[in-house]
Colleague: 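I'd like to ask some things about the structure below.
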Amino acid sequence: MTSPHAVVVVRPEPGNARTAVALRALGLDVRQVPLFAVTPVDWSVPDPAGFDGLLLTSANAVRHGGTGLDALKRLPVVAVGAATAAAATDAGFAVAVTGSGDARDAVSEARDRGFARLLHLAGRDRAPTGDGVEAVTVYASDAVPIDADTARSFADAVVLLHSERASTWLKEVLVTAGIDRSGIEIAAISAAVAEAAGTGWAVVSIAPQPSDPALVALAAARANIRAIDHPVDGGDKHAMSDYVPTDRPRARGPRMGVIIALTALAFIAGLALMAYAARKLPWFGATASTTAGAPVAGQKAGASNSGYIPSQPLGPDGQPQAAAPVDTAVLATREATLAGQLTALEARTAAITTDAAAAGGQATRAEGLLVAFAARRALDRGVGLGYLEEQLRLRFGQAQPRATMLLIQSARQPVTLEDLRQGLDAIAPDITSSTGENWLDTIQHQIDSLIVLRKAGTPSPMPADRLARARRLLGAGQVEAARAEVARLPGAAQAGNWIDAARRYVVARQALDLIENTALIGQAGQPQPAPVVMPTPQTATETDTAPDPSGI
């Protein structure tokens, strides 16, 4: 049986290992039991011309799609979440839409942005995503048999569930092995996954966002609560002086006050134990009395002296009486009592040390988030990072070296949404018509554009309509989708500088997202003292002139 604060990761590899590493970094006992194994499937590549975009609901489609993906890289990607979007970007795709819910939510958001026909690279077992989506199976996720001994390892643990299939298969495994679910807690990545798990669990928790970092943070919080609740790991939580109800977050200030109060109580308890020993233990009092009662040189025993206390009581004849016999059983009992009290104090001290370490980790996480947010604000305003550049290197250079370098390079030539809007307005007359045509081709092109046939519900391919859509997308902050629309205009060859500026804008924001996620899950490093480096002087042109996306 696992420990009461253990967590079990059941998602397939390679995601299983990544989630386990994040959990172990938080000091948790982690068991890796993949319920599925992902393998590639032979598939034929459809004609990309029949689709407006590529729907990806799992990073497995990118990992196992094979060489057939190269023929589809000109299609903008609609990703179900940030992790899938990052995998698509690393594979060379341009991500236009990144959803924040399930596949159906991502498709609905893509519809609102003009994507009428989507090609879904999916797994063999999948849920329907709606009309206008053609699915192609590129990988299979097959269930892994779980024996009874492995099934018993789920008891009294927190199990992370990343998919509805994992919820269903986990129930079947436990039923087959005869394991009671009432002692198992589950942490689900979404409400749909929790609903698929059914009822009968000890606790069902749902991550605030459908992402692995949010699920990891939720599982860590639940595992720590179980460790407090469990009798072998600390007894009744209501008897602890720093107990806080689990439905409210702990504030950092009161915890520090608790630490100081516990330290003071430990010191007072030590003084009380010394006073108790001096009064109750014969061997302790005898030593003190003998020292205090010894007469100084040249003074008779029994002589008047304000500092003299007889070491033994005197009888009627003035002679010291014999000491009462010592009861060794009583001494042994008192010694055992003191040992128990000292053990309790040591346990309190260890708890204080743990809380102090946790508070330090939370402070480091908060500082990392502040640096990431300040960097985003600087990029949005189109100004340099300044001192933030060194802070980014110190805190994120080891955990996310590539994202850190991309962010710093982008900030040295920043691009803002306003720059992109002005640049698009400047090149609009050149990109809505083809260049290099003779007068006869121009007349023919104008005649062809008088009547355009297209399917109902699909966006208009007219250059003016595409340009209008690109402007609307820019206004909504969807730079990648706007870039895809501009790339399809007749004069796209004249927009090379603008498209490159839009790409740098997207790359910088993706790097920022990755750095913020790193800070959120507590992987940002603690900065170390570094030598002071004087900034390189810049010319007036570099500091006073904003970049022009139309001419970059």
Side-chain angles (χ1 to χ4, degrees), residues 1-13 15-17 19-20 22-24 26-38 102 125 127 141-208 210 212 214-240 243-248:
M1 181 178 294
T2 57
S3 63
H5 55 281
V7 293
V8 183
V9 184
V10 299
R11 69 186 303 195
E13 295 291 359
N16 192 297
T19 302
L23 289 166
R24 289 192 178 101
L26 299 176
L28 299 176
D29 178 16
V30 183
R31 285 185 58 83
Q32 296 175 240
V33 186
L35 296 181
F36 299 94
V38 181
D102 57 15
D125 299 290
S141 182
D142 299 323
V144 176
I146 303 297
D147 56 39
D149 290 338
T150 304
R152 280 190 288 272
S153 68
F154 290 95
D156 203 16
V158 179
V159 182
L160 280 70
L161 296 177
H162 287 75
S163 67
E164 298 178 34
R165 287 191 66 208
S167 299
T168 304
W169 182 233
L170 177 62
K171 287 193 299 183
E172 295 181 9
V173 167
L174 296 177
V175 170
T176 303
I179 305 300
D180 184 12
R181 289 184 297 187
S182 62
I184 303 174
E185 179 173 342
I186 61 173
I189 198 170
S190 67
V193 174
E195 183 178 356
T199 59
W201 308 94
V203 178
V204 177
S205 305
I206 302 174
D212 188 59
L215 184 59
V216 166
L218 172 66
R222 295 304 310 171
N224 290 331
I225 290 173
R226 289 176 68 86
I228 294 174
D229 287 338
H230 201 276
V232 299
D233 277 353
D236 185 4
K237 65 184 179 183
H238 294 283
M240 296 176 62
Y243 168 71
V244 177
T246 57
D247 59 345
R248 291 200 313 249

Colleague: Rounded at 0.5 Å granularity, tell me how far CD in Glu172 sits from CG in Leu35.
Modeller: 10.5 Å
Colleague: Please report the closest heavy-atom contact between Gln32 and Ala17, naming both atoms and the distance.
Modeller: NE2-CA, 3.8 Å
Colleague: Could you check whether any side-chain N or O of Arg165 sits under 3.5 Å from a backbone N or O of Ser141, counting only pairs where one atom can act as donor and the other as acceptor?
Modeller: yes
Colleague: Looking at Glu13, I want to see if its CD is surrounded by more than 12 non-hydrogen atoms of other residues, nucleotides or ligands under 6.0 Å.
Modeller: yes
Colleague: Scan Val30, Asp29, Val8 and name whichever one has a side chain to side chain contact (heavy atoms under 4.5 Å, CB included) with Leu23.
Modeller: Val30
Colleague: Could you tell me which non-hydrogen atom of Pro12 sits nearest to which non-hydrogen atom of Phe36, and how far apart they are?
Modeller: CB-O, 3.3 Å
Colleague: Output the distance between atom CD1 (Ile186) and atom NZ (Lys171), rounded to the nearest 0.5 Å.
Modeller: 9.0 Å
Colleague: Look up atom CD1 in Ile146 and atom CD1 in Ile179, then write down how far apart they are to the nearest 0.5 Å.
Modeller: 12.0 Å
Colleague: For residues Ser163 and Val193, report the shortest heavy-atom separation together with the two atoms involved.
Modeller: O-CG1, 3.5 Å
Colleague: Could you give me the CA-CA distance, side-chain angles and deciding distance for Leu170 and Ser167, then say whether side chain to side chain contact (heavy atoms under 4.5 Å, CB included) is met?
Modeller: CA-CA 5 Å; Leu170 177 62; Ser167 299; 6.0 Å; no
Colleague: To the nearest 0.5 Å, what is the distance between CG on Leu161 and CH2 on Trp201?
Modeller: 7.0 Å
Colleague: Could you tell me whether a side-chain N or O of Arg181 sits under 3.5 Å from a main-chain N or O of Val175, the two making a donor and an acceptor?
Modeller: no
Colleague: Could you check whether any side-chain N or O of Asp142 sits under 3.5 Å from a backbone N or O of Ala37, counting only pairs where one atom can act as donor and the other as acceptor?
Modeller: no
Colleague: Run Phe154 and Val10 through side chain to side chain contact (heavy atoms under 4.5 Å, CB included) and show every step you take.
Modeller: CA-CA 10 Å; Phe154 290 95; Val10 299; 3.7 Å; yes
Colleague: In Å and rounded to the nearest 0.5 Å, what is the CD1 to CG distance from Ile206 to Leu218?
Modeller: 9.5 Å
Colleague: Which atoms form the tightest heavy-atom contact between Ala151 and Ala177, and what is the distance?
Modeller: CB-CB, 3.6 Å
Colleague: Under the 3.5 angstrom rule, does the side chain of Ser205 hit a backbone N or O of Ala187 as a donor-acceptor pair?
Modeller: no
Colleague: Closest heavy-atom contact between Val203 and Glu185?
Modeller: O-CG, 3.3 Å
Colleague: Checking side chain to side chain contact (heavy atoms under 4.5 Å, CB included) between Val158 and each of Asn224, Ile184, Val7, which is the one that passes?
Modeller: Val7
Colleague: Rounded to the nearest 0.5 Å, how far apart are CG of Asp212 and NE2 of His162?
Modeller: 4.0 Å
